[in-house]
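What you see below is based on every heavy atom in this structure, not just the backbone, and it leaves out hydrogens, waters and symmetry mates. Keep in mind that what you see is a predicted model, and the values were worked out from it rather than measured.
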Protein chains: 2
Amino acid sequence: MSSPDSGQPVSFVSKTDMVVALIREMIITGELPEGKQLRQRDLAARFQVSQTPVREAMRRLESEGLLVGDAHRGFTVVEAELGPTEENFLIRAVLESLGASMAAPKINQEAIATLERLNEEMRQLAEDDPRYAELNREFHFVIYEHAHSPLLLSLMRLLWHSLRGGPKVARTRQESVAQHAKIIDALRAGNADAASTATYQHIMHVSHLDRP
Amino acid sequence: MSSPDSGQPVSFVSKTDMVVALIREMIITGELPEGKQLRQRDLAARFQVSQTPVREAMRRLESEGLLVGDAHRGFTVVEAELGPTEENFLIRAVLESLGASMAAPKINQEAIATLERLNEEMRQLAEDDPRYAELNREFHFVIYEHAHSPLLLSLMRLLWHSLRGGPKVARTRQESVAQHAKIIDALRAGNADAASTATYQHIMHVSHLDRP
DNA sequence: AATTGAAATATGGTATACCAGAACTGTCGA
DNA sequence: TCGACAGTTCTGGTATACCATATTTCAATT
C-alpha cells in the first residue's frame, strides 16, 4: 500500500483506533440508528481500510456495550432509549460524582487548563447553539479519562449513548457553566469530596430543571 | 482444515471467545504474571489458532482493563491487584447501592422470597463450591431487575462481565450471606437508605478483604 | 395455495502472507 | 573503553484469500 497519508501526525494512529472512534461517533450522532446491522465489508470500504481493523473495532465496541454481536449474524447497534430519564440522571449523577472523586487526586494542570478552556467556550456560546452538547460531553469525558479507569469510561460511554439527544437543559446553561467552574476548582485543589459533591449537584440540578 | 474436532459442542464456539476465556483464566490464576509481555505468535501456537483470534481477544481484554497495549510494542498484563480492581469494586459498590435504593420501594414479596431462597442456598454451599458465584450473581441481578431501569441493568451486565465473578471473595462467604440478609431486610422494609448502605458496605467489605 | 426443503448467496470467522516500525546488537570512531 | 549509528531481526499491524454457517429464495410436493 502506498496511501498518500494525508497529514498523518507524529505517530500512533492505529487504524483500529480510528475506526473505533468513527463508528462510536456515528452511533452517538445517530447516523447509525439502533438495531442497525453493521456490515463489515461496507464499513471497510467506507473507511478505506480492510476488514481486519473493522472487526477489531467492533470487538472493542462490543466490550463497551455499544454493539452487540452474534456469531455469523453480525453486529448491531444496541438499543439506546432505556427507561425513564429521571432515573437515568440519578445513575449518571452517582457515576459521575464517583468519577470526579477518582480523578481529583490524579488530574494534572494540563487537563485543568483544557477544562477551563472548554467551559469558557461554553460560556460564550449562544443559548441555542447546538455545539454546546458536544463541548459539554467533551468537558465531562476529560474528567472521566483522568480517573484512569477503563471500566468507568466504558460505562460512561454507554450511559451517554442512552442519554443521547436527551438532556434538554435549554435555559440553564449559564448556571451549568458556573457549576462546571465549581467542579474545576475542586479538581484543582485535589479535593475528591468536593468534586464529587459538586458534580452530583450539577447533574441533579439539571435533571430537576429538566422536568416539565 | 481437517482437524479431528474432538467434541464439537452444540453451538457457537468462536475461537476468539475461547482465547479470551483462556487468557483471562491464565491471568487470574497467575500463570501470566503482571507485566508479562504477550507474544501473539506464541499464544497462537500454544492455542493452535492463528494470530487473528488472538489479536481480537487481546482487544477485548484491553477494553476490560486486563491488558494494556502500545502500538508496535505489544500487550502486557496489567497489574491486577493494584490496578483497576480496587476501583472497579468502588464502581460496583456505588452502582449497586443505587440499584438497591431504587429497588426498595418497588420490590414485591415474590422477589423477596426468591432472594431469601438464593441466600439460603448460598449458605448451605461448601466454601469452595463453584456454584456460589452463579448464585451470587443471580441474587444481585434479582435486585437490579426490580429497580425497573433497563439502563441500570445494561450497566450492571457490562460491569459484571468485566469483573467476571472474580477469583477473590473465597473465604468470606458466610459473612457475605449475613450481609445479604441485611440487604433483604432493608428491601422488605422498603427502606431505600438502609438498602443502599447495606449494599455499599457489603461490596466494599468484600473488596477490602480481597487485598492480600 | 401453502409449506417445507434444498440450493445459492451473502456474511462473519479464520488463516496466512506481507508490511512497517521498534528493539537489539555489532562495529566503528572518538 | 565508551558511545553512537547502522543494519538486522523480531513483533505487531494490515490486507487478502478462503472457509463455514446462516439466511433467503425458489421450486416441488402435498
Side-chain angles (χ1 to χ4, degrees), chain A residues 1-23 26-27 32-33 35-64 66-78, chain B residues 1-23 26-27 32-33 35-64 66-78:
Chain A
M1 281 289 280
S2 62
S3 85
D5 272 346
S6 55
Q8 209 56 282
V10 279
S11 62
F12 72 89
V13 266
S14 157
K15 302 218 177 159
T16 298
D17 294 335
M18 192 184 75
V19 174
V20 165
L22 287 173
I23 296 181
M26 289 168 70
I27 293 175
L32 293 177
K36 172 74 172 181
Q37 280 270 344
L38 299 183
R39 302 300 175 200
Q40 299 183 351
R41 285 175 170 84
D42 294 349
L43 291 172
R46 158 137 37 156
F47 298 144
Q48 293 283 332
V49 298
S50 85
Q51 290 185 48
T52 312
V54 173
R55 291 186 50 73
E56 299 194 8
M58 285 179 166
R59 290 295 187 197
R60 297 234 315 234
L61 292 167
E62 185 188 27
S63 277
E64 289 179 12
L66 286 177
L67 298 181
V68 60
D70 296 315
H72 285 281
R73 295 183 58 179
F75 290 84
T76 56
V77 181
V78 80
Chain B
M1 279 287 280
S2 61
S3 80
D5 272 347
S6 54
Q8 198 61 276
V10 281
S11 61
F12 72 90
V13 268
S14 157
K15 302 218 175 159
T16 297
D17 294 334
M18 193 184 74
V19 173
V20 165
L22 287 173
I23 295 181
M26 288 167 72
I27 293 175
L32 293 177
K36 171 74 173 181
Q37 279 271 344
L38 299 183
R39 301 300 175 200
Q40 298 183 354
R41 286 173 169 85
D42 294 350
L43 292 171
R46 161 144 26 163
F47 298 144
Q48 293 283 331
V49 298
S50 85
Q51 290 185 47
T52 312
V54 173
R55 291 185 51 74
E56 299 193 8
M58 285 179 167
R59 290 295 187 197
R60 296 228 323 227
L61 291 167
E62 185 188 28
S63 278
E64 291 178 13
L66 283 176
L67 297 181
V68 61
D70 296 315
H72 284 280
R73 298 183 59 175
F75 290 85
T76 56
V77 181
V78 83

[N] phosphate, OP1 or OP2: any side-chain N/O from [X] under 4.0 angstrom?
| X | N | value |
| --- | --- | --- |
| A/S14 | D/dG12 | no |
| A/T16 | D/dG13 | no |
| B/R55 | D/dG13 | yes |
| A/Q40 | C/dG13 | yes |
| B/S50 | C/dA17 | no |

Rounding to an integer number of Å, can you tell me how far [X] [atom1] sits from [N] [atom2]?
| X | N | atom1 | atom2 | value |
| --- | --- | --- | --- | --- |
| A/F47 | D/dT14 | CZ | P | 14 Å |
| A/R41 | D/dT16 | CZ | P | 12 Å |
| A/R73 | D/dT21 | CZ | P | 15 Å |
| A/E62 | C/dG13 | CD | P | 9 Å |
| B/M18 | C/dA15 | CE | C1' | 14 Å |
| A/L38 | C/dT11 | CG | P | 12 Å |
| B/H72 | C/dA23 | NE2 | C1' | 13 Å |
| A/M58 | C/dT14 | CE | P | 15 Å |

Closest-nucleotide 5' rank along DNA chain D - winner of A/P53 and B/D42: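 Its nucleotide being nearer the 5' end, the pick is B/D42.
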
Contact nearer the 5' end of DNA chain D, comparing B/T52 with B/R39: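 The residue whose closest nucleotide sits nearer the 5' end is B/R39.
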
Options D/dA15, D/dG13, C/dA15, nucleotide nearest the side-chain atoms of B/F75: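 In terms of side-chain proximity for B/F75, the closest of D/dA15, D/dG13, C/dA15 is D/dG13.
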
Candidates D/dT14, C/dT11, D/dG13 - which lies nearest the side chain of A/K15: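 Of the options given, the side chain of A/K15 lies nearest D/dT14.
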
Ion pair B/E62/B/R59, N-O distance below 4.0 Å: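 B/R59 and B/E62: salt-bridged.
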
Could you give the distance from [atom1] ([X]) to [atom2] ([Y]), rounded to the nearest 0.5 Å?
| X | Y | atom1 | atom2 | answer |
| --- | --- | --- | --- | --- |
| B/R60 | B/L67 | CZ | CG | 12.5 Å |
| A/I27 | A/K36 | CD1 | NZ | 12.0 Å |
| A/R73 | A/Q37 | CZ | CD | 8.0 Å |
| B/I23 | B/L38 | CD1 | CG | 6.5 Å |

Residue closer to the 5' end of DNA chain C, A/Q51 versus B/Q51 (nearest nucleotide):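 In this pair, the answer is A/Q51.
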
